Enquirer: 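Quick one: the structure is below, questions incoming.
Predicted model only: the values in this text are computed from it and were never measured. Sequence positions, counted from 1, serve as the residue numbers for this chain.
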Amino acid sequence: MSRTAKDFFAPLAVGAPTPLRDIPARPSRAIHFFDPGNEKMAAKVPDMVGSVDVLLGNLEDAVKAENKEKSRQGLVAIGKATDFGKTQFWTRVNSLDSPWGLDDLVTLVTEIGDKLDVIMVPKVQGAEDIHYVDRLLAQLEAKAGLDRPILVHAILETARGVANIEEICAASPRMQGLSLGPADLAADRRMKTTRVGGGHPGYLVREDPTRDDLGVPQYDAPRTSYQQDLWHYTIARMVDACAMHGIYPYYGPFGDIRDTVACEDQFRNAFLLGCVGAWSLHPAQITIANKVFSPSVEDVAHARRVIAAMGDGTGAVMIDGKMEDDASVKQCQVMVALAEELAAIDPALKEQYDAIEVADV
């Protein structure tokens, strides 16, 4: 028997913190992954605080089985020793069907639950996975005496997860967002690509053949082709599901670290579709994500100008030969709100946005 709507926001364990009714819109342009069991990588964490929106201690696939315990304890040590300030502290635990997933949750919540903002759960198949984590976290939060709930982020890595995307988003008030996991999802779908994110030169459309003077198609003549985005459908579906439930969508990893141009293109596609951030596997990708997922000065100036010209938001005006109406104002308000959120944590961006001339508006 399902719970009533009134029970949905009640704690799932005696003494657990009250669930949130709204997920805060905290800037998270780059979710930077690090292995807490790698001493060299872990030593860099304190210096990265403030330069990236989210630092995520990864315990899952990139960590070898023999290093799982070491990485978990390394993350506990980092959590206890580090003041993260405005930078969010996340973790990706091992999958729920692994030998390590339960120990990850029990250890991290009881040891450093007061520091953790979000727990990323991989390979989520349906609402039942979120329900399990939800109840367990409530019990552990009560045991640890936490005064705020830890949020949950699900990775879409299976066809079943994508098929159940709406019920996953709606499964718990803890749901913070979703990330696209392109590599595992490609394997589960039997897609014929071995790339981790990004496009593929074989996924394309080609222009029609030209015709000679008699109207005969010239099939052997050169024809322009255009590479398409393998992930457009999934990202768009993820964005819709997240928007419907008031949570946040993210692009996942882009595996070719050296191809910064294609990485920026893929991140921008996700940004334009509605994603709020992407994963970073290398410091170079932090720079790309911070650039792409921040509205440009030109976009902010235009958005402010439209809002000012529209007054109470009714009717329509002409700006630079283009019609702007109430729908335009709503779009512009999204852009301005994001700029204000980012300016609150990024001094360089605040300086740029503050320098927009009144004449520009």
Side-chain angles (χ1 to χ4, degrees), residues 26-96 98-123 137 140 144 146 148 150-153 155 176-177 179 181 183 196-197 250 252-258 260 263 277-290 345-346:
R26 300 185 64 184
S28 43
R29 295 164 292 181
I31 303 173
H32 185 64
F33 279 56
F34 67 91
D35 178 359
N38 181 319
E39 288 86 356
K40 186 176 180 181
M41 197 176 291
K44 297 178 181 179
V45 169
D47 293 332
M48 298 188 74
V49 170
S51 67
V52 60
D53 295 344
V54 179
L55 283 166
L56 181 146
N58 183 28
L59 303 180
E60 202 218 2
D61 284 354
V63 179
K64 292 183 177 180
E66 60 267 27
N67 293 332
K68 295 290 187 182
E69 295 283 347
K70 179 182 178 183
S71 289
R72 185 190 301 134
Q73 292 306 316
L75 188 61
V76 169
I78 290 170
K80 289 181 175 180
T82 307
D83 179 0
F84 290 92
K86 293 182 179 179
T87 293
Q88 297 179 60
F89 181 37
W90 293 23
T91 185
R92 178 171 73 168
V93 296
N94 286 280
S95 62
L96 302 180
S98 75
W100 310 285
L102 177 59
D103 287 342
D104 288 344
L105 293 170
V106 172
T107 300
L108 297 178
V109 176
T110 56
E111 294 284 335
I112 55 170
D114 59 324
K115 292 288 191 73
L116 282 173
D117 293 291
V118 176
I119 291 177
M120 187 179 281
V121 182
K123 301 176 180 63
L137 288 180
L140 294 172
L146 301 185
R148 62 165 178 81
I150 299 171
L151 301 181
V152 170
H153 184 105
I155 313 177
Q176 182 274 340
S179 281
V196 178
Y250 298 77
F254 188 91
D256 191 343
I257 304 299
R258 294 173 298 177
T260 55
C263 178
W279 296 10
S280 163
L281 307 180
H282 185 276
Q285 293 184 340
I286 297 175
T287 302
I288 297 170
N290 284 350
I345 67 162
D346 190 324

Enquirer: Drop me the distance from L55's CG to S280's OG, to the nearest 0.5 angstrom.
Expert: 9.5 Å
Enquirer: Give a yes or no answer on whether the side chain of S71 reaches the backbone of K68 with a donor-acceptor pair at less than 3.5 Å.
Expert: no
Enquirer: Taking only residues two or more places apart in sequence or in another chain, which ones pass salt bridge (Lys or Arg N to Asp or Glu O under 4.0 Å) with E60?
Expert: R92, K123
Enquirer: Quick one: are L105 and V93 in side-chain contact, heavy atoms under 4.5 Å?
Expert: yes
Enquirer: Atom CG of L137 and atom CD1 of I150: how far apart are they, to the nearest 0.5 Å?
Expert: 6.0 Å
Enquirer: N58 side chain to F33 main-chain N or O, any donor-acceptor pair under 3.5 Å?
Expert: no
Enquirer: Under 4.5 Å between any side-chain heavy atoms of F89 and L75, yes or no?
Expert: yes
Enquirer: Got a second to check how far Q285's CD is from C263's SG, nearest 0.5 Å?
Expert: 4.0 Å
Enquirer: Quick one, K80 and E111 - any side-chain contact, counting heavy atoms below 4.5 Å?
Expert: yes
Enquirer: Are the side chain of S95 and the backbone of P122 linked by a donor-acceptor contact shorter than 3.5 Å?
Expert: no
Enquirer: Find out whether L59 and P36 are in side-chain contact, i.e. whether some heavy atom of one side chain is under 4.5 Å from a heavy atom of the other.
Expert: yes
Enquirer: Would you say the side-chain atoms of K115 pair up with the backbone N or O of T82, donor to acceptor, closer than 3.5 Å?
Expert: yes
Enquirer: Applying side chain to side chain contact (heavy atoms under 4.5 Å, CB included), name anything that partners K70, two or more places apart in sequence or on another chain.
Expert: E39
Enquirer: Is the backbone N or O of I155 less than 3.5 Å from a side-chain atom of S179, with the two atoms forming a donor-acceptor pair by type?
Expert: no
Enquirer: Could you tell me whether a side-chain N or O of T107 sits under 3.5 Å from a main-chain N or O of D104, the two making a donor and an acceptor?
Expert: no
Enquirer: If only atom types and distance count, is the side chain of D117 paired as donor or acceptor with the main-chain N or O of W90 below 3.5 Å?
Expert: no
Enquirer: Has R29 got a side-chain atom pairing as donor or acceptor with I286's backbone, closer than 3.5 angstrom?
Expert: no
Enquirer: Taking the side chain from S98 and the backbone from W100, do they hold a donor-acceptor pair closer than 3.5 Å?
Expert: yes
Enquirer: Should V109 and I119 count as side-chain neighbours, where that means a heavy-atom distance under 4.5 Å?
Expert: yes
Enquirer: Find out whether F34 and I78 are in side-chain contact, i.e. whether some heavy atom of one side chain is under 4.5 Å from a heavy atom of the other.
Expert: yes
